[in-house]
Amino acid sequence: QLCFNFMGSSNNTVELSGKAMDEKEVVFSPVSHAIFVVTKTIACNLFGRYELGAQLAIEKGDKRYLKIRGGVFCAAVFWFHRSLCLYAMARKNITKKKQYMAQAKDIHKE
């Protein structure tokens, strides 16, 4: 669905709903939910919806699949895009700058 959104076939660029899937109707397994979070974060970053990307909830089970050390390649891609969203929001929202920067720095400690 992300590819369809890139091609402009969806009005809502960061919502993964359309020809390929509907995010509201999918029943996620732990692995598929982690992949969904990665995909949604990338979409938020590439379409400039940084606040949504920074606030996207990472469930407890997702962390097992999104480890940086010893994890899969898509985990590194996820944390890269997550960090970009956090840094963009730190520049955009002065009142929450410390909060966003702290979260980004925690990622760098991994």
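Hydrogens, waters and symmetry mates play no part in the numbers below; they use all other heavy atoms, side chains included.
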Please check if [X] and [Y] belong to a single hydrophobic cluster, counting links between Ile, Leu, Val, Met, Phe, Trp and Tyr side chain heavy atoms closer than 4.5 Å.
| X | Y | answer |
| --- | --- | --- |
| Ile35 | Ile42 | no |
| Phe4 | Met21 | no |
| Val31 | Val26 | no |
| Ile107 | Met101 | no |
| Val77 | Leu16 | yes |

Keeping to residues at least two apart or across chains, list the salt bridge (Lys or Arg N to Asp or Glu O under 4.0 Å) pairs with something in [range].
| range | result |
| --- | --- |
| residues 2-20 | Glu15-Lys24 |
| residues 90-100 | none |
| residues 31-53 | Glu23-Lys40 |
| residues 72-81 | none |

- side-chain hydrogen bond (donor to acceptor under 3.5 Å, both in side chains) against Ser32, all qualifying residues, sequence neighbours excluded: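 side-chain hydrogen bond (donor to acceptor under 3.5 Å, both in side chains) list for Ser32, sorted by chain: Ser29.
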- Contacts of Gln1 that satisfy side-chain hydrogen bond (donor to acceptor under 3.5 Å, both in side chains) - sequence neighbours left out: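 Checked Gln1 against side-chain hydrogen bond (donor to acceptor under 3.5 Å, both in side chains); matches are Asn5.
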Using every non-hydrogen atom in the two residues, find where [X] and [Y] come nearest and quote the distance to one decimal.
| X | Y | value |
| --- | --- | --- |
| Cys85 | Ala54 | CB-N, 3.8 Å |
| Leu56 | Arg82 | O-NH1, 2.8 Å |
| Trp79 | Leu66 | NE1-O, 2.6 Å |
| Val14 | Ala43 | CG1-O, 3.7 Å |
| Ser17 | Ser10 | O-OG, 3.8 Å |

Working to the nearest 0.5 angstrom, can you tell me the gap between [X] [atom1] and [Y] [atom2]?
| X | Y | atom1 | atom2 | value |
| --- | --- | --- | --- | --- |
| Leu84 | Thr41 | CG | OG1 | 11.0 Å |
| Gln55 | Tyr50 | CD | OH | 15.0 Å |
| Leu2 | Phe36 | CG | CZ | 11.0 Å |

For [X], ring-ring contact (aromatic ring centres under 6.0 Å, His included) partners two or more places apart:
| X | result |
| --- | --- |
| Tyr65 | none |
| His33 | Phe28 |
| Phe47 | Phe6 |

- With sequence neighbours excluded, what pairs up with Ala104 under the side chain to side chain contact (heavy atoms under 4.5 Å, CB included) test?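 In terms of side chain to side chain contact (heavy atoms under 4.5 Å, CB included), with neighbours along the sequence ignored, Ala104 is linked to Leu86, Tyr87.
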- For Thr95, what residues pass the side chain to side chain contact (heavy atoms under 4.5 Å, CB included) criterion, not counting sequence neighbours?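 Partners of Thr95 by the side chain to side chain contact (heavy atoms under 4.5 Å, CB included) criterion, ordered by chain and then number, come out as Asn93.
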- Taking ILVMFWY side chains as joined if any heavy atoms are under 4.5 angstrom apart, and letting links pass through other members, which residues group with Ile94?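 Answer for Ile94: none, a lone residue.
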